[in-house]
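Presented below is the structure to which this report refers.
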There are 2 protein chains.
Amino acid sequence: MKVKISDIAKAADISTASVSRVLNHQGGYSQATAERITKIADEMGYFKNRSASDLASRSNNTIGIIYTDFETNFNDLIIRNTMLEAKQHHLDVILMIAQQNDPAGLTKIIRDMIERRVFALQFISTHPSPQMIEMLNRANVFPQVIGDATNHTVSSVSSDDYEIGYQATSYLINHGHQRIGFVSPSVTRDYVTRLRFSGYQRALDDHHLHFKADWLVEENYSYQAGLKAANHYQQTDIDAVIGVSDEVSWGLLNGFYDAGCKVPDQVALISVDGTQLCEQTRPQLSSVTQDFASMGKTAVRQLIDNRATPHQVTTLTVPFKIDARQTT
Amino acid sequence: MKVKISDIAKAADISTASVSRVLNHQGGYSQATAERITKIADEMGYFKNRSASDLASRSNNTIGIIYTDFETNFNDLIIRNTMLEAKQHHLDVILMIAQQNDPAGLTKIIRDMIERRVFALQFISTHPSPQMIEMLNRANVFPQVIGDATNHTVSSVSSDDYEIGYQATSYLINHGHQRIGFVSPSVTRDYVTRLRFSGYQRALDDHHLHFKADWLVEENYSYQAGLKAANHYQQTDIDAVIGVSDEVSWGLLNGFYDAGCKVPDQVALISVDGTQLCEQTRPQLSSVTQDFASMGKTAVRQLIDNRATPHQVTTLTVPFKIDARQTT
DNA sequence: GTGAAAGCGCTAACAT
DNA sequence: ATGTTAGCGCTTTCAC
């Protein structure tokens with residue numbers, strides 16, 4: 001039913017080997033036959049069977065991307081740039097989405113990727129547990145985490161999160177703020193947050209400011225978290241806040257608005273991520289802006305470089321900047 | 001190097017056939033061997049080679065999803081629900097992203113999907129051109145468009161876009177508005193827009209309102225489009241606007257805000273889509289709310305039902321509702 | 001309940 | 001420049 005290489009071979013009265021050669025642009029045939037074969041293949045509506053091809057050639061030039069439908073909104077940015085870079089290097093990409101907080105589901109997806117024999121696996125706004133890493137190692141596929149560092153032994157490309165915390169805080173302090181809130185996931189459980197919070201604390205220390213417990217709101221990266229935190233801050237004497245994602249900061253902004261608290265006059269607000277969203281709020285959110293585009297591209301190059309030296313753990317860091325807009 | 005079924009067979013001193021059977025839960029073996037095989041496979045770190053498996057079984061239970069990184073933000077919603085439903089039916093899903101306005105790229109991706117022998121292909125916020133449809137037909141894969149109807153001969157599941165236009169407009173009229181703007185992509189080139197605009201015109205007619213050319217702004221579905229349109233409307237006597245996506249409406253909202261024009265006091269605003277975004281603006285956007293979750297699920301069921309009767313073109317419609325929030 | 005063997009559609013030596 | 005052939009790793013009759 002489906003036309004295969006042997007059908008073309010028959011129709012062209014030539015061997016399957018030759019057909020394969022021209023269809024894959026491998027050279028070693030005359031211009032004439034090349035054209036003839038191509039034409040016939042076209043007419044017959046031939047489509048390579050990837051399974052057969054991959055199997056026979058033991059090849060493997062597709063990279064897998066796993067991401068979660070997270071509260072954050074920078075996935076697209078990373079994915080798009082990853083794909084762009086992949087295209088440059090003639091790699092195929094397949095995506096799969098994992099649900100949040102569903103280890104079993106994630107495991108299944110990783111399994112699926114392994115079975116499809118991707119040569120590398122990128123994780124965006126999620127990361128594999130130690131067991132999953134173990135599984136990937138056994139399967140000999142190279143995992144890499146983007147934009148979400150872990151203390152696990154996986155390669156990663158991300159921003160310097162400690163420095164993000166430090167810079168954001170310093171920025172606020174240098175603009176005259178003294179009582180600085182921090183809204184984030186759990187400082188103890190979330191690794192990225194731990195780093196950022198360390199930077200935050202260090203900046204406070206360096207400026208002889210004394211941290212107070214009610215400055216910290218531990219929730220997650222969501223808009224809701226921001227809303228809730230803004231509410232909480234009504235009972236405090238905070239004069240500035242760091243929201244650890246654009247969504248959180250948006251929530252903060254609206255929360256303050258709803259409470260009749262003026263931003264930036266009564267509270268300054270700085271976001272972390274710096275996606276488009278920041279320019280779409282009123283007032284526009286100042287932010288620590290991560291370079292997600294660069295992360296995506298760097299990650300792919302990294303994958304390619306390390307193809308030879310499998311499972312060497314590398315940690316790459318991409319520069320960020322601070323964009324002052326209207327909330328500071 | 002990579003452990004294969006024959007390795008397990010050897011280790012268990014049994015035939016590859018039996019190994020295959022237990023690994024695929026096909027029955028026809030004793031409980032004892034099942035456990036033994038499973039254990040050994042586990043210990044040896046076996047992962048099925050999908051290429052080989054698919055090839056041998058000529059099977060095919062993965063569905064492909066193609067979407068664009070569009071200005072709209074409902075992709076996630078559809079995708080998530082598509083995957084949920086797919087999981088229920090034990091189907092695998094692979095995603096790929098197409099760039100906007102890149103037919104060559106789309107074609108390549110479709111090709112890729114065909115080569116991977118997906119049994120069906122869903123398009124989200126993009127759709128195949130007639131040539132692409134032709135290609136898909138030849139390849140015998142069933143295409144389906146979600147949330148973006150076309151006049152092409154493809155199956156689709158979407159809202160009743162004419163009715164969306166009609167209802168949105170009527171709603172505004174019933175609330176006392178008479179001069180109603182409409183911000184959308186090209187009314188002539190974008191099929192969905194054509195339908196909605198027809199509904200809009202009809203509602204106007206039905207209420208004996210006379211359409212004026214400067215009520216219509218033809219751009220696209222983006223935030224920027226809304227911003228621009230808001231600007232344009234400063235020169236008009238509009239008293240309400242329909243933004244044809246949440247992004248557009250958000251742009252309108254901010255554009256009016258920037259111009260010092262009060263929403264909803266001076267202009268009312270109703271959005272189309274009704275994603276979370278609507279509750280995250282201030283004021284919150286009233287909207288015609290599409291049921292994207294249902295679309296995703298319906299689509300998958302449709303795909304499964306039609307697996308037997310390939311390439312029968314079906315057009316499914318999913319109910320929408322109107323959510324009055326703060327901009328009307 | 002289990003095994004032998006013939007492919008699935010393609011690629012990659014190795015010949016010619 | 002082209003053909004022959006032996007697999008790639010798995011599934012699936014068909015025997016037993």
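All chains are named by letter (A, B, ...) in the order of the sequence lines, taking the proteins before the strands, and each is independently numbered beginning at 1.
- Of all nucleotides in DNA chain C, those with any atom nearer than 4.0 Å to a heavy atom of chain B start and finish, going 5' to 3', at C/dG1 to C/dG9.
- Salt bridge status for A/D112 with B/R50: present, with a side-chain N to carboxylate O gap under 4.0 Å.
- Scanning both residues, B/F119 and B/L91, for their nearest heavy atoms gives CE2-CD2, 3.7 Å.
- Within the cation-pi definition used here (under 6.0 Å to the ring centroid, within 45° of the axis), A/R307 does not qualify as a partner of A/F142.
- Within residues 16-26 of chain B, the residues having any heavy atom under 4.0 Å from DNA chain D are, by residue number, B/A17, B/S20, B/N24, B/Q26.
- Axis angle, first five pairs versus last five pairs of the helix from C/dG1-D/dC16 to C/dT16-D/dA1: 30°, rounded to 10°.
- Listed for the B/S20 side chain is no donor-acceptor partner under 3.5 Å among the backbone atoms of B/T16.
- Counting all heavy atoms, side chain and backbone alike, B/M135 lies closest to B/T107 at CE-O, 3.8 Å.
- In this structure, B/D54 atom CG and D/dC8 atom C1' are separated by 14 Å, rounded to whole Å.
- Using a 4.0 Å heavy-atom cutoff across all strands shown, B/K2 reaches no nucleic acid atom at all.
- Across all strands shown, B/T33 has heavy atoms under 4.0 Å from sugar-phosphate atoms exclusively, and none from any base.
- Rounded to whole Å, atom C1' of D/dT2 lies 11 Å from atom CD1 of A/I37.
- Of all the heavy atoms in A/Y29 and A/V22, the pair that sits closest is CE2-CA, 3.6 Å.
- Between A/Y29 and D/dG3 there is no side-chain N or O to OP1 or OP2 distance below 4.0 Å.
- Interatomic distance, A/I8 CD1 to A/K39 NZ, rounded to the nearest 0.5 Å: 13.0 Å.
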Problem set entry | Evaluation steps, side-chain hydrogen bond (donor to acceptor under 3.5 Å, both in side chains), between B/N24 and B/K48 | CA-CA 10 Å; B/N24 292 301; B/K48 172 192 288 202; 2.9 Å; yes
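- For A/Y46 against A/V3, the heavy-atom pair with the smallest separation is CD1-O, 3.4 Å.
- Each of B/K297, B/R301, B/R80 was evaluated against B/E85; a single residue qualifies, B/R301, per the side chain to side chain donor-acceptor pair (under 3.5 Å) test.
- The separation between A/N49 atom CG and D/dT11 atom P is 15 Å, rounded to whole Å.
- Of the candidate nucleotides D/dT11, D/dG7, D/dC10, D/dG7 has the atom lying nearest to any side-chain atom of A/A56.
- When the P atom of D/dG7 is taken as reference, atom NZ of B/K4 falls 11 Å away, rounded to whole Å.
- In summary, of the residues considered (B/L121, B/I124, B/V157, B/V154), a side chain to side chain contact (heavy atoms under 4.5 Å, CB included) with B/Q144 occurs for B/V157 alone.
- The nearest whole Å value for the distance from the CZ atom in B/R58 to the P atom in D/dT11 is 12 Å.
- If you find the closest nucleotide of DNA chain D to A/L55 and to A/A34, the one lying nearer the 5' end belongs to A/A34.
- One atom, CZ of B/R50, and another, C1' of D/dC8, lie 18 Å apart when rounded to the nearest Å.
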